[in-house]
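Everything on this sheet refers to the single structure shown next.
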Amino acid sequence: MSWPMIAKTLRELRWTSFWYALGLVIYIVFLSSFYPTLERQREQFEQLFRQYPEFLFRVFGIDPERAMMTSFAGFMHAETFGFIWPATALIFVVLSGAAVVAQEIERGTAEFWLSVPVSRARLLLSKQVALLTSILFVVLPSIAALALSAQAFGGELTARGLVQLTIALACFLVSFAGLATLASAVTSERSKAAGLVGGVILLMYLAWVVAGLTADVRWLRYLSLFTAYDPLTAMLGELPWYKPALHLIVGLGTGSGALVVFSRRDIVS
Amino acid sequence: MTTAPPIAVEQLTRNYDSQRGVIDLTFTVQPGEIFGFLGPNGAGKTTTIRVLMGFLRPTSGRARVFGLDCWTESTEIKKQVGYVPGDVRLWENMTGVQFLDFLGAFHQYIDPAWRRKLLERFRVELDKRIKHLSRGNRQKLALVQAFLHDPPLLILDEPTSGLDPLMQHEFLTFLREERDRGKTIFLSSHQLSEVERVADRVGIIREGRLVAVLTVEELKRRRTRPMELIFAQPVDPQHFADLPGVRVLSVHDEGRRIELGVQNELPALLRRLADLPVSDMIYAPPDLESVFLTYYQAETIPPAQEEAAS
């Protein structure tokens with residue numbers, strides 16, 4: 001690990017991660033403030049939601065077979081952690097991850113970056129560590145905002161649920177951060193790396209949605225990292241360990257792949 | 001202290017998918033010398049340097065720095081090398097001082113007095129963000145960082161590009177001083193005058209192949225400068241046939257305009273011209289083409305060879 005490299009990357013990411021974290025915190029607090037109203041008129045809302053087609057729920061990451069509005073966790077899952085939160089955080093992770101190598105090459109700074117007496121693997125690993133730290137900068141404020149909002153607006157969340165949600169969100173983002181750094185290590189343009197991972201995310205998302213709609217293609221869920229993304233169960237404190245573990249394994253695997261690829265490739269600005 | 005030469009390249013070839021890289025380069029850079037790597041743009045200078053810095057893997061052959069393999073041991077090599085790339089592009093949002101602090105942090109020790117001396121000598125602007133610096137100031141920053149950890153070997157790819165003439169002069173003087181302190185300097189350039197001013201030996205590269213490695217004295221002796229002569233009346237080019245070191249390159253207007261290649265044999269030529277009806281004369285200053293005139297009369301490129309003892 002190289003501390004100067006970690007410090008530089010954190011400095012570069014600090015404002016981006018701050019604004020993403022702030023935006024998500026504001027969104028969580030704003031949405032939570034509607035919970036008391038919803039709770040008072042729960043039956044009417046549930047009747048209303050039952051009239052919507054299943055497809056609509058699936059597209060936004062909601063499993064209609066599971067309780068949707070019967071708890072604060074269900075409400076926050078439907079309104080925030082099912083779709084908006086991961087979509088927003090993924091933009092941050094993919095753009096930041098895609099920059100780690102490709103942007104240095106694209107901007108012509110790679111030759112200075114690689115002229116230092118530190119191996120390529122350690123340089124990239126340092127950037128990955130900084131990216132993981134930034135992921136925590138984005139996740140932890142959201143968890144804090146959720147905990148405070150639950151208290152303020154009458155929601156019930158246990159400490160166990162909050163811890164499991166932290167793990168679920170962080171591991172989910174780590175898996176795509178690994179993919180993004182791998183794409184960045186392979187290509188020489190940030191937009192190509194980001195586009196590549198964006199395409200993979202879209203395909204995985206579609207696979208997950210379609211797999212939920214019909215039993216004929218349920219096998220498609222095994223092709224998607226979204227299958228293991230389960231913030232509702234996490235908030236309820238019942239998250240199976242293998243789900244975040246799967247994300248973590250994918251993240252560490254692809255991140256390690258990025259180190260190998262980057263150590264062996266030619267660098268031409 | 002290692003006894004291996006600072007740079008040893010053996011039959012180095014590096015191909016790109018669609019472009020020619022470098023082909024079968026062999027040369028050695030000795031300790032305490034300034035080695036000029038001379039060639040036109042696109043000749044393969046930067047490719048060679050990128051292989052030396054471990055950015056590119058050789059297709060075949062070997063490149064070693066202080067006896068270490070440039071691809072597999074590049075991390076160790078970089079402890080002993082200061083580097084300036086040909087296209088200096090820095091992190092735009094850093095200030096000059098942040099840039100130097102960042103790159104300096106990777107080295108075990110930076111002598112504050114040496115750093116101060118470099119900054120004073122090159123008059124670097126440290127407080128502005130790099131995006132607000134002129135090209136020359138960015139180049140100076142790149143030069144300072146290369147010398148910052150006082151490495152025994154400097155690999156400099158077109159280091160004076162972007163510098164004003166005064167700073168170019170100052171930098172070349174600094175290079176000679178560093179050579180006198182025992183540093184080895186590998187300097188690429190497409191400017192013959194620059195290389196002639198500072199280098200001890202020169203490697204000439206063109207179209208990916210090393211044409212020759214020779215001392216600067218040998219280079220000066222061998223280069224062929226073009227001379228264009230305008231005569232009031234037609235002149236038979238045979239007038240120049242017996243002059244040593246003089247070659248007729250072309251004849252125009254039935255002998256009223258003759259272009260000669262002159263290899264440092266001026267006195268005899270001037271005596272001959274005194275007897276001819278010369279109305280005008282253009283004797284171009286030596287440039288890279290004047291070197292290539294010596295080596296590229298034939299269509300085929302001769303194989304690389306060391307012409308001076310290394």
State the [atom1]-[atom2] distance between [X] and [Y], to the nearest 0.5 angstrom.
| X | Y | atom1 | atom2 | result |
| --- | --- | --- | --- | --- |
| A:R265 | B:R57 | CZ | CZ | 12.5 Å |
| A:K8 | B:L103 | NZ | CG | 9.0 Å |
| B:F55 | A:R120 | CZ | CZ | 8.0 Å |

Chain B contact via A:W113 - side chain, backbone, both or neither, heavy atoms under 4.5 Å: both
Does a side-chain heavy-atom distance below 4.5 Å link A:P117 with B:E76? no
Do B:M94 and A:R11 have side chains that get closer than 4.5 Å, going by heavy atoms? yes
One pair to check against side-chain contact (heavy atoms from CB on, under 4.5 Å): B:L56 and A:I267. What are the steps and the verdict? CA-CA 6 Å; B:L56 297 177; A:I267 302 295; 5.9 Å; no
Can A:E111 and B:R89 be counted as an ion pair, charged N to O under 4.0 angstrom? no
Note: B:R14-A:D266 ion pair, threshold 4.0 Å (strictly below): yes
Minimum heavy-atom separation for A:S115 and B:Y83, please, with both atom names. CB-CD2, 3.9 Å
Identify the two heavy atoms, one from A:P4 and one from B:F102, that lie closest to each other, and give their separation to 0.1 Å. O-CE1, 3.5 Å
Measure from the ring center of B:F99 to the ring center of A:F112 and say whether it is less than 6.0 Å. yes
Under the 3.5 angstrom rule, does the side chain of B:K78 hit a backbone N or O of A:L114 as a donor-acceptor pair? yes
Return yes when atom [atom1] of [X] has more than 12 non-hydrogen atoms of other residues, nucleotides or ligands closer than 6.0 Å, and no otherwise.
| X | atom1 | answer |
| --- | --- | --- |
| A:F30 | CZ | no |
| B:Y109 | OH | yes |
| A:R107 | CZ | no |
| B:W114 | CH2 | yes |

Counting only non-hydrogen atoms closer than 4.5 Å, does B:E92 touch chain A with its backbone (N, CA, C, O), its side chain (CB onward), both, or neither? neither
Quick check: under 4.5 Å, non-hydrogen atoms only, which of residues 32-39 of chain B neighbour chain A? none
